[in-house]
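Structure, as structure tokens:
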Amino acid sequence: MPFRLYNTYTRSLEVFEPLDASAVKMYTCGPTVYNHAHIGNFRAYVFEDVLQRHLEYRGWKVERVMNLTDVDDKTIRASRAAGVPLAEFTRPFKEAFFRDLAALRVKPAAHYPAATEPRFIAKMIAMIALLLERNAAYKAEDGSVYFRISAFPKYGCLAHLNLEELRPSGRIRNDEYEKESVGDFALWKAWDAEDGDVAWESPFGRGRPGWHIECSAMATEILGPRLDIHCGAEDNIFPHHEAEIAQSETCTGERFVRYWVHCGYLVVDGQKMSKSLGNFFTLRDLLGKGFSGREVRYALLSNYRLPLNFTSESLSAARAALARIDEWLARLRPLAPGAPSTWSLPSQQNYDDAMDNNLNVSEALGHLFDIIRETNRALDQGRLSPPDGRALLAWWERINTVLAIESEEEQIPVEIAGLLEQRRLARAGKDWAAGDRLRADLEARGWLVKDTKEGQKLNRKP
RNA sequence: GGCGGGGUAGCCAAGUGGUAAGGCAGCGGUCUGCAAAACCGCUAUCCGCGGGUUCGAUUCCCGCCCCCGCCUCCA
């Protein structure tokens, strides 16, 4: 079955075929580094990670770019409020962002361009100059440069908005009277006092880039004029991605992106995250509550286009589901050789089909758990042969390259191993009271012990 | 008002024109010194509401209700 992706541009499911079969060019809108990214941001990054990993699972090489927006209204405002130079202000948030990605097992992108890097500022200036030359941009009275959307008839195609019918929202600042049309957006913002020392010289004056041109410049500078996939959350569709199309295509004359892929919003307890509601979580908040990055990752795995309701219950469910997977793997690994094979492996094709169907993770996980139950049953009945077990483990290792939810091996400290050995001796002497006491002792130290036919098994308490 | 996404068991969630995957939670059982894990069984006569098409609809069509997102720099 071919891999099919839902393309926001055409609003339909399409068979995925990259321009160049040897490498998929993928651009993902990254964070604005003015605070710690929250769990909703990471929903998007985990989805993009699963997309990249599934493409690789299917044999494509993927060159992924994730940008960092380190200059815009919010970063400038926050750094001024903190009384710290912009670069110094954003650095710790960049570092925290990479730590969080690692905790969530998001595979590093090939490139993490930052908007303020001279190479990209130069690219932005060059693109704006070209847009001016092509009459798709103009310098307004306030000194800023705006994109003229009337110069790009397709503007609105991605969001499927009819520009004549746009209802004015309160977010349109009526002081932007300098623009020819209310829909025109800033390419270059003329310096004003609010910007402090954040400014670059350009042929059109001292100032800084607008947000949209940052992505167009970084994407085309690194990946070239034509991308296979461009991702983001659905709120990026308009105006951000619409603006990227207008800028990029006017500059390059080529179709910018083949597949636009957007994930849905994350809500917490059914409501939009907000600090006033007290349901606003960063990853470090959740890690501080004792959840692991792996558990949060599992809770974020979902059918990406749907809204995702993130709750404390979904985190508990993630923990329990992962424990079930861990138990299954722990049973498969030590299979003794020699048992006859009287059991045929369940079909593993269903997983691939589900993932190929626009990353239907929910269905794919359902098939995984089907296989876990069937395997456990065969194990209970002594019908699973070592070759079967090895085949299942090999399959698991393959799908785990996409899911990335296997537990890390945990080192057992010496004193814990000592207590475990004491307990083994006590139980061998049928001293059940001592055995139970040691089990409680181990649990108090954070380790769960259970007795199986093969002896004691130790697990870190979640 | 425009555009888009949803409403499936206590919670999360797949799915199909032919009679409801999976996970979590719960209950009963097997196993176990006791637990844990695992396995077995039970837990939606029904898929927001009302019509229609059909031999048959949760799945297609029409109408309605409710929730959510976007509508000019929010992932």
Side-chain angles (χ1 to χ4, degrees), chain A residues 8 11 28-32 37-45 47-48 69 72-74 149 156 159-169 171-173 176 179 181-186 189 210-214 231-240 242-243 262-267 270-273 298-299 302-303 305-311 313-328 330-331 350 354 360-370 372-373 375-381 427 430 432-433 435-436 439 448-453 457 459:
Chain A
T8 306
R11 293 195 178 163
T28 52
C29 282
T32 300
H38 57 68
I39 199 66
N41 301 122
F42 286 115
R43 195 264 168 116
Y45 306 140
F47 139 65
E48 289 155 0
T69 296
D72 79 326
D73 291 352
K74 287 180 296 192
I149 60 169
H160 299 254
L161 288 176
N162 181 340
L163 296 178
E164 273 72 60
E165 290 176 5
L166 285 187
R167 170 194 261 194
S169 89
R171 291 167 69 183
I172 298 177
R173 301 215 325 258
E176 289 186 343
K179 296 195 290 187
S181 159
V182 71
D184 292 350
F185 53 88
K189 296 191 170 193
W211 181 44
H212 308 308
I213 195 70
E214 296 183 7
C231 297
E234 59 186 354
D235 57 336
N236 276 158
I237 296 172
F238 194 89
H240 186 52
E242 200 73 58
H262 296 95
C263 68
Y265 242 72
L266 175 141
V267 296
Q271 292 180 292
K272 188 165 178 169
M273 261 192 296
Y298 187 92
S302 66
N303 284 6
R305 294 189 63 221
L306 271 53
L308 172 63
N309 190 15
F310 191 84
T311 64
E313 200 175 8
S314 62
L315 279 170
S316 310
R319 172 170 292 176
L322 288 168
R324 183 161 164 76
I325 293 170
D326 293 347
E327 291 288 346
W328 174 64
R331 292 185 78 184
N350 293 336
N360 190 336
V361 174
S362 300
E363 189 192 334
L365 288 173
H367 294 308
L368 167 64
F369 284 107
D370 282 339
I372 289 176
R373 190 182 348 87
T375 309
N376 279 330
R377 187 190 301 137
L379 281 161
D380 282 357
Q381 297 170 351
R427 294 183 75 253
K430 297 210 186 295
W432 307 124
D436 290 349
R439 180 165 60 193
L448 295 176
V449 63
K450 58 187 177 177
D451 302 306
T452 71
K453 268 181 282 196
K457 288 275 171 66
N459 282 108

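Just so we're on the same page: letters track the sequence lines, and every chain starts at 1.
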Quiz item: When rounded to the nearest Å, what value does the distance between P atoms of B/A20 and B/U59 take?
Solution: 15 Å
Quiz item: NA contact type, A/Asn303, heavy-atom cut-off 4.0 Å: base, sugar-phosphate, or nothing?
Solution: sugar-phosphate
Quiz item: Among side-chain atoms of A/Arg43 and A/Ser302, is any donor-acceptor pair under 3.5 angstrom?
Solution: yes
Quiz prompt | Rounded distance (Å) that lies between atom C1' of B/G22 and atom CG of A/Leu365 | solution = 8 Å
Quiz item: Would you say A/Asn376 reaches B/A37's phosphate, i.e. side-chain N/O to OP1/OP2 under 4.0 Å?
Solution: no
Quiz item: NA contact type, A/Ala243, heavy-atom cut-off 4.0 Å: base, sugar-phosphate, or nothing?
Solution: nothing
Exercise. Please state how far atom CD in A/Glu363 lies from atom P in B/G15, giving the value in whole angstrom units.
Key: 6 Å
Quiz item: Do any N or O atoms from the side chain of A/Glu234 and from the backbone of A/Gly264 form a donor-acceptor pair under 3.5 angstrom?
Solution: no
Quiz item: Given the P atoms of B/C3 and B/C62, what is the spacing between them in whole Å?
Solution: 14 Å
Quiz item: Atom CG of A/Asn459 and atom C1' of B/A37: how far apart are they, to the nearest Å?
Solution: 9 Å
Quiz item: NA contact type, A/Asp370, heavy-atom cut-off 4.0 Å: base, sugar-phosphate, or nothing?
Solution: sugar-phosphate
Quiz item: Going from OG on A/Ser362 to NE2 on A/His367, what distance comes out if it is rounded to the nearest 0.5 angstrom?
Solution: 11.0 Å
Quiz prompt | Nearest-angstrom distance from the residue atom CD of A/Glu242 to P of B/G4 | solution = 14 Å
Quiz item: B/C74 C1' sits how many Å from A/Phe42 CZ, rounded?
Solution: 16 Å
Quiz item: From A/Phe238 CZ over to A/Thr8 OG1, what is the distance, rounded to the nearest 0.5 angstrom?
Solution: 14.5 Å
Quiz prompt | C1' atoms of B/A9 and B/C46, separation to the nearest Å | solution = 10 Å
Quiz item: Rounded to the nearest 0.5 Å, how far does NZ of A/Lys179 lie from CD1 of A/Ile149?
Solution: 8.5 Å
Self-check item: Whole-Å distance separating the NZ atom of A/Lys453 from the P atom of B/A38
Solution: 14 Å
Quiz prompt | Separation of B/C71 C1' from A/His160 NE2 (nearest whole Å) | solution = 14 Å
Quiz item: Of the nucleotides B/A35, B/G33, B/A75, which has the atom closest to the A/Trp432 side chain?
Solution: B/G33
Quiz item: For atom P, what is the distance between B/G23 and B/C42, given to the nearest Å?
Solution: 14 Å
Quiz item: Which residue, A/Ile372 or A/Arg305, contacts RNA chain B at a nucleotide closer to its 5' end, judged by nearest heavy atom?
Solution: A/Arg305
Exercise. Would you confirm whether A/Asn303, through its side chain, and A/Leu306, through its main-chain N or O, come within 3.5 Å as a donor-acceptor pair?
Key: no
Quiz item: Nearest 0.5 Å, what's the NE2-CG distance between A/His240 and A/Asp235?
Solution: 10.0 Å
Practice problem: Kindly point out which of B/A38, B/A75, B/A37 is positioned nearest to the side chain of A/Asn41? | Solution: B/A75
Practice problem: Measure from the side-chain heavy atoms of A/Arg11 and tell me the nearest of B/A75, B/G33, B/G4. | Solution: B/G4
Quiz item: B/G28 and B/C64: how far apart are their C1' atoms, nearest whole angstrom?
Solution: 44 Å
Self-check item: Donor-acceptor pair present, A/Asn309 side chain and B/C11 base, under 3.5 Å
Solution: no
Quiz item: What distance, rounded to whole Å, do you find between the two P atoms, one in B/G48 and one in B/C40?
Solution: 30 Å
Quiz item: Looking across every strand, which nucleic acid part, if any, lies under 4.0 Å from A/Ser314 by heavy atom: base, sugar-phosphate, or nothing?
Solution: nothing
Quiz item: If you measure from CG on A/Leu368 to CZ on A/Arg373, what distance do you get to the nearest 0.5 Å?
Solution: 11.0 Å
Exercise. Would you please confirm or rule out a distance under 4.0 Å between OP1 or OP2 of B/G15 and any side-chain N or O of A/Asn360?
Key: yes
Quiz item: When you compare B/A57 with B/C71, how far apart are their P atoms, in angstrom units rounded to a whole number?
Solution: 42 Å
Practice problem: Describe the nucleic acid contact of A/His38 in one word from base, sugar-phosphate, nothing, applying a heavy-atom distance below 4.0 Å. | Solution: base
Practice problem: Could you check A/His367 against A/Leu308 and say which one's nearest nucleotide on RNA chain B is further toward the 5' end? | Solution: A/Leu308
Quiz item: With sugar-phosphate meaning primed atoms plus P, OP1 and OP2, does A/Arg319 contact a base, only sugar-phosphate, or nothing at under 4.0 Å between heavy atoms?
Solution: nothing
Exercise. Enter the distance from A/Asp73:CG to A/Lys189:NZ here, rounded to the nearest 0.5 Å.
Key: 3.5 Å
Quiz item: Taking a pair as Watson-Crick (N1 to N3 plus N6-O4 or O6-N4) or G-U wobble (N1-O2 and O6-N3), both under 3.5 Å, which stems of 3 or more consecutive pairs involve RNA chain B?
Solution: B:1-7 with B:65-71, B:10-12 with B:22-24, B:26-30 with B:38-42, B:48-52 with B:60-64
Quiz item: Between B/A75, B/A37, B/C73, which nucleotide gets closest to the side-chain atoms of A/Thr32?
Solution: B/A75
Quiz item: Out of B/A75, B/C34, B/A36, which nucleotide sits closest to the side chain of A/Thr452?
Solution: B/A36
Self-check item: Sidechain-backbone polar pair: A/Asn459 side chain, A/Val449 backbone, donor-acceptor under 3.5 Å
Solution: no
Exercise. Assign A/Arg43 to base, sugar-phosphate, or nothing according to its heavy-atom contacts below 4.0 angstrom with the strands shown.
Key: nothing
Quiz item: With respect to the side chain of A/Tyr265, which nucleotide from B/C70, B/C34, B/A37 is positioned closest?
Solution: B/C70
Quiz prompt | Distance, C1' atom - from B/C39 to B/G51, rounded to whole angstrom | solution = 47 Å
Quiz item: So what does A/Gly183 hit on the nucleic acid, given a heavy-atom distance under 4.0 Å: a base, only sugar-phosphate, or nothing?
Solution: base
Exercise. Using a 4.0 Å cut-off on protein heavy atoms (strictly under), produce a 5'-to-3' string for nucleotides 24-29 of chain B with B for base contact, S for backbone-only sugar-phosphate contact, and - for none.
Key: S-----
Quiz item: Does the distance from a Lys or Arg side-chain N to an Asp or Glu carboxylate O, for A/Asp436 and A/Arg439, drop under 4.0 Å?
Solution: yes
Quiz item: To the nearest Å, how far apart are A/Leu306 CG and B/G6 C1'?
Solution: 7 Å
Self-check item: Nearest non-hydrogen partners of A/Ala243 and A/Phe185, listed with the distance
Solution: CB-CZ, 3.4 Å
Quiz item: Do A/Lys189 side-chain and B/C73 base share a donor-acceptor contact under 3.5 Å?
Solution: yes
Quiz prompt | With A/Glu48, the side chain to side chain contact (heavy atoms under 4.5 Å, CB included) member among A/Cys29, A/Cys231, A/Cys263 | solution = A/Cys231
Quiz item: Looking across every strand, which nucleic acid part, if any, lies under 4.0 Å from A/Lys74 by heavy atom: base, sugar-phosphate, or nothing?
Solution: sugar-phosphate
Quiz item: Does B/A38 have OP1 or OP2 sitting under 4.0 Å from an N or O in the side chain of A/Arg373?
Solution: no
